[in-house]
Amino acid sequence: MAAAVPSGGVHLLHPRPWLRHLQRAARPLSGIAASSRVDHAEELNSTAETPEPPMRRSEEKDTAAYYPKRGQILELVCESLAYKGKGLCKVAGTGFVVMCDRVLPGEKFIGRVTRKKDNYAEVKKLETISPHWDMVEAPCEYASHCGGCKTQNLFYEAQVRAKEQQVLELVVHVGKFSNKDLEVDDVMKPIVPCDIQFHYRNKMEFSFGTKRWVPAEMLLQEVEEPNKYALGLHAPGFFDKVLNVDKCLLQSDPANKVLAAIQDIWRNPEFGLSPYDVHSHRGFLKHFMLRTGRNVETGQPELMVNFVTSSYQPELLKPLVDKISPFPDVVSIMNNVNTSVGNTSMGEQEYTLFGKPTITESLRGLNFQISANSFFQTNTHQAEILYKLIEDCSFLKGDGSEIVLDLFCGTGTIGLTLAKKAKHVFGFEIVDQAIKDARRNADLNGISNATFVQGDLNKIGENFGEYFPKPDLVITDPNRPGMHMKLIKFLLNLKADRIVYVSCNPATCARDLDYLCHGVPEKSIEGCYRLKSIQPVDMFPHTPHIECVCLLELNGF
């Protein structure tokens with residue numbers, strides 16, 4: 001018998017009155033190849049390839065007759081937000097789609113065409129004629145320029161409505177599921193908003209830079225300084241320019257105090273500290289990472305500070321360590337040494353400069369130790385809700401009779417929260433440090449029915465399935481590119497009763513749902529699942545990012 005779809009247990013927005021209007025439109029095993037470590041962390045500036053904006057057939061003829069030229073000036077009105085937070089607009093009288101960053105629904109503006117695609121163009125906003133209808137004043141001084149909080153000046157309820165609409169559009173146009181089926185079968189669930197819209201991130205990564213980026217409209221306000229070094233976030237579209245940030249409203253107050261303290265002293269010439277130059281590959285300081293956890297016994301914040309440098313020279317970092325180590329919440333100061341020319345924050349060697357090498361956090365009744373390089377859900381508060389949704393969708397009997405396969409398991413947080421109901425959990429993840437953390441977290445919580453293996457799920461061999469019993473449930477939580485076709489084919493051959501697909505990228509999620517349910521006819525691959533539910537979750541208010549929890553059931557189950 002098919003399982004019922006869970007409906008309660010979380011705070012939902014009011015029903016979607018606008019939905020009908022949208023209808024218009026240990027070691028690597030031999031069967032799994034090891035690979036180099038990659039950073040799966042969800043960062044503010046992260047991007048992923050997404051399908052082009054969908055157009056309805058009725059518009060194709062008009063669109064084909066019109067194509068703007070690069071540099072052309074257009075007067076436009078933003079109709080809605082597309083994935084990644086770009087405004088979707090249409091050229092009046094043509095139906096031609098243009099995309100523009102930093103415009104919001106209802107906003108009328110002047111834009112210049114900067115790039116042409118196959119069936120749409122990108123424009124840059126030059127001037128606002130009239131503002132959007134849900135405009136609010138952004139509390140952060142960097143909101144208009146930083147690449148992270150693109151929608152901070154949009155009323156929060158409008159943000160989550162737009163995100164839900166984006167998921168629906170992608171599931172219909174990319175996933176090829178009909179509006180009728182989604183509505184009649186109640187597949188598309190209302191988005192779960194986040195009760196905490198600021199100070200929710202438990203991890204922030206800032207970059208040191210030799211070139212401080214200043215928005216054009218602020219150039220006249222800049223006071224001439226002999227030292228133009230910056231510590232902050234990369235300017236949108238630039239890998240070598242950094243927007244200096246003294247305070248971020250998304251991270252905790254203790255983290256902001258430490259950031260302010262470092263900003264106050266690191267440029268002092270007497271310390272001899274230099275930011276890393278991405279062109280000359282010279283310099284010492286690369287990144288500055290702050291992670292906030294919680295002491296599971298006292299409930300007090302625990303702060304980890306991680307300096308990423310190009311070489312190991314602890315004497316150079318000593319003034320910074322001496323400055324912030326007296327802060328009561330700072331319990332760990334780490335130094336990751338990354339000698340490569342790349343821009344990653346993960347080092348080849350790691351050193352503890354002060355305190356302990358990990359911080360702790362509690363999630364779904366379990367305690368977790370978090371190291372500088374391990375992946376952990378960035379919004380702990382909302383992760384509690386997300387994991388409850390995953391557990392509800394899993395429909396585990398709770399009698400300890402079922403096998404769970406946890407793909408892209410990270411530090412094992414999802415699998416470990418399900419282990420109490422399962423016979424055994426088998427987790428796979430490419431990041432070696434994450435697997436070590438997962439095993440340590442299992443031991444920390446006295447969980448003996450979980451096995452974690454390091455390996456690359458994009459390079460699985462034909463004998464991958466020989467290393468675990470056939471699972472009753474598959475949990476898959478891939479990073480932004482989604483699942484490789486090899487893994488899709490494996491799952492279709494495996495035919496587990498249920499798959500819970502957890503996604504941080506609705507575009508690639510919709511694509512994978514299409515493959516799993518409808519197959520890939522051009523490759524003679526048949527789908528064998530039906531989509532039971534899609535639950536969008538807002539994990540990152542004021543940003544374009546959306547999380548989804550999707551339940552699939554095997555046909556005939």
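Given the structure is predicted, the values throughout are model-derived calculations rather than measurements.
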| Can you check side-chain contact (heavy atoms from CB on, under 4.5 Å) on V192 and L386, steps first, answer last? | CA-CA 9 Å; V192 178; L386 178 72; over 6 Å; no

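- With hydrogens and angles ignored, the 3.5 Å screen pairs no side-chain donor or acceptor of R480 with any backbone N or O of N505.
- Considering only heavy atoms from C-beta on, L88 comes within 4.5 Å of V97 through its side chain.
- Smallest separation of non-hydrogen atoms from C393 and S533: SG-OG, 4.1 Å.
- Taking the six-membered ring where the residue is Trp, the centroids of H132 and F155 are separated by 6.0 Å or more.
- When all heavy atoms of P193 and Q382 are compared, the pair lying nearest together is O-NE2, 3.0 Å.
- Using modelled atom types, one side-chain atom of Y200 and one backbone atom of P541 make a donor-acceptor pair closer than 3.5 Å.
- Under a 3.5 Å cut-off, the side chain of Y276 and the backbone N or O of T210 do not form any donor-acceptor pair.
- In this structure the side chain of V91 reaches within 4.5 angstrom of the side chain of L76, judged on heavy atoms.
- Proximity of a side-chain donor or acceptor of K116 to a complementary backbone N or O of V113 within less than 3.5 Å is not detected.
- The backbone N or O of T114 lies less than 3.5 Å from a partner atom in the side chain of R70, making a donor-acceptor pair.
- Contact record, L457 with F408: CD1-N, 3.4 Å, taken as the closest heavy-atom pair.
- Every residue two or more places apart in sequence or in another chain was checked for a ring pair (Phe, Tyr, Trp, His ring centres under 6.0 Å) with H281, and none qualifies.
- Side-chain contact annotation: N202 with N379, donor-acceptor N/O pair under 3.5 Å absent.
- A distance of 11.0 Å separates SG in C100 from CD1 in I110, rounded to the nearest 0.5 Å.
- In this structure, CG on L492 lies 9.5 Å from CD on E526, to the nearest 0.5 angstrom.
- At a threshold of 4.5 Å between non-hydrogen side-chain atoms, the residues L552 and C517 count as touching.
- Using a 4.5 Å heavy-atom threshold, the side chains of V537 and C548 count as separate.
- Panel note: side chain E75, backbone F109; no donor-acceptor pair is recorded below 3.5 Å.
- Side chain to side chain, H542 and Q159 meet the donor-acceptor criterion of an N or O pair below 3.5 Å.
- Taking each heavy atom of L513 and C550 in turn, the nearest pair found is CD1-SG, 4.0 Å.
- Contact check for V308 versus E205: no side-chain heavy atoms found under the 4.5 Å cut-off.
- Side-chain contact between L81 and L104 is present, with heavy atoms from C-beta onward closer than 4.5 Å.
- Below 30°, between 30° and 60°, or above 60°: for H545 and F540 the angle between ring planes is above 60°, a perpendicular geometry.
- Summarising the geometry, atom CG belonging to L231 is positioned 6.0 Å from atom CG belonging to L259; distances are rounded to the nearest 0.5 Å.
- Listed by first and then second residue, the salt bridge (charged side-chain N to carboxylate O under 4.0 Å, His left out) pairs that reach into residues 505-522 are K176-D514, sequence neighbours excluded.
- Note that CG of L303 is 11.0 Å distant from NZ of K257, once rounded to the nearest 0.5 Å.
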| said: What verdict does the side-chain contact (heavy atoms from CB on, under 4.5 Å) test give for L126 and I73, after you've listed the backbone C-alpha separation in whole Å, the side-chain angles of each residue and the deciding distance to 0.1 Å? | reply: CA-CA 9 Å; L126 302 178; I73 305 298; 3.7 Å; yes

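- With no hydrogens or angles considered, a side-chain donor-acceptor pair links Q251 and N256 at under 3.5 Å.
- Side chains of D538 and Y156: a donor on one and an acceptor on the other come within 3.5 Å.
- Between the T94 side chain and the F96 main chain, a donor and an acceptor come within less than 3.5 Å of each other.
- With salt bridges taken as basic N to acidic carboxylate O contacts below 4.0 Å, none links D264 and R267.
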| query | Does the pair E157 and R161 meet the rule for a salt bridge (charged side-chain N to carboxylate O under 4.0 Å, His left out), with working shown? | reply | CA-CA 6 Å; E157 188 166 329; R161 284 202 308 266; 3.7 Å; yes

| said: With ring-ring contact (aromatic ring centres under 6.0 Å, His included) as the criterion, how do F490 and H484 come out once you've worked through the C-alpha distance, each side chain's angles and the decisive distance to 0.1 Å? | reply: CA-CA 10 Å; F490 170 79; H484 192 277; over 10 Å; no

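- Applying the ring pair (Phe, Tyr, Trp, His ring centres under 6.0 Å) test to F177 and every residue at least two apart in sequence or in another chain returns H518.
- L170 and A507 get closest at one heavy-atom pair: CD1-N, 3.7 Å.
- Residues V431 and N373 form no side-chain contact, since every pair of their non-hydrogen atoms from C-beta on lies 4.5 Å or further apart.
- T411 places a side-chain N or O within 3.5 Å of a backbone atom of F375 that can act as its donor or acceptor partner.
- Residues that satisfy the salt bridge (Lys or Arg N to Asp or Glu O under 4.0 Å) test with K489, not counting sequence neighbours, are absent from this structure.
- Between the OG1 atom of T476 and the CG atom of L487 there is a distance of 6.0 Å, given to the nearest 0.5 Å.
- Remark: side-chain polar atoms of S310 are not paired, donor with acceptor, to backbone N or O of T339 under 3.5 angstrom.
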Could you pull out every donor-acceptor pair under 3.5 Å between side chains of residues 285-292 and any protein atom, sequence neighbours left out?
| residue | atom | partner | partner atom | Å |
| --- | --- | --- | --- | --- |
| K286 | NZ | N338 | O | 2.9 |
| K286 | NZ | S340 | O | 2.6 |
| H287 | ND1 | S207 | OG | 3.2 |
| H287 | NE2 | N343 | O | 2.9 |
| R291 | NH1 | S371 | O | 3.1 |
| R291 | NH1 | A372 | O | 3.2 |
| R291 | NH1 | S374 | O | 2.7 |
| R291 | NH2 | S374 | O | 3.1 |
| T292 | OG1 | S252 | OG | 3.0 |

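- Between F307 and V305, the closest side-chain pair of non-hydrogen atoms falls below 4.5 Å.
- From D456, atom CG reaches atom CD of E429 across 9.5 Å, with rounding to the nearest 0.5 Å.
- For K125, the salt bridge (Lys or Arg N to Asp or Glu O under 4.0 Å) partners at least two apart in sequence or on another chain are E107.
- Between the side chain of E183 and the backbone N or O of K180 there is no donor-acceptor pair closer than 3.5 Å.
- The shortest heavy-atom contact between Q197 and L250 is O-CD2, 4.3 Å.
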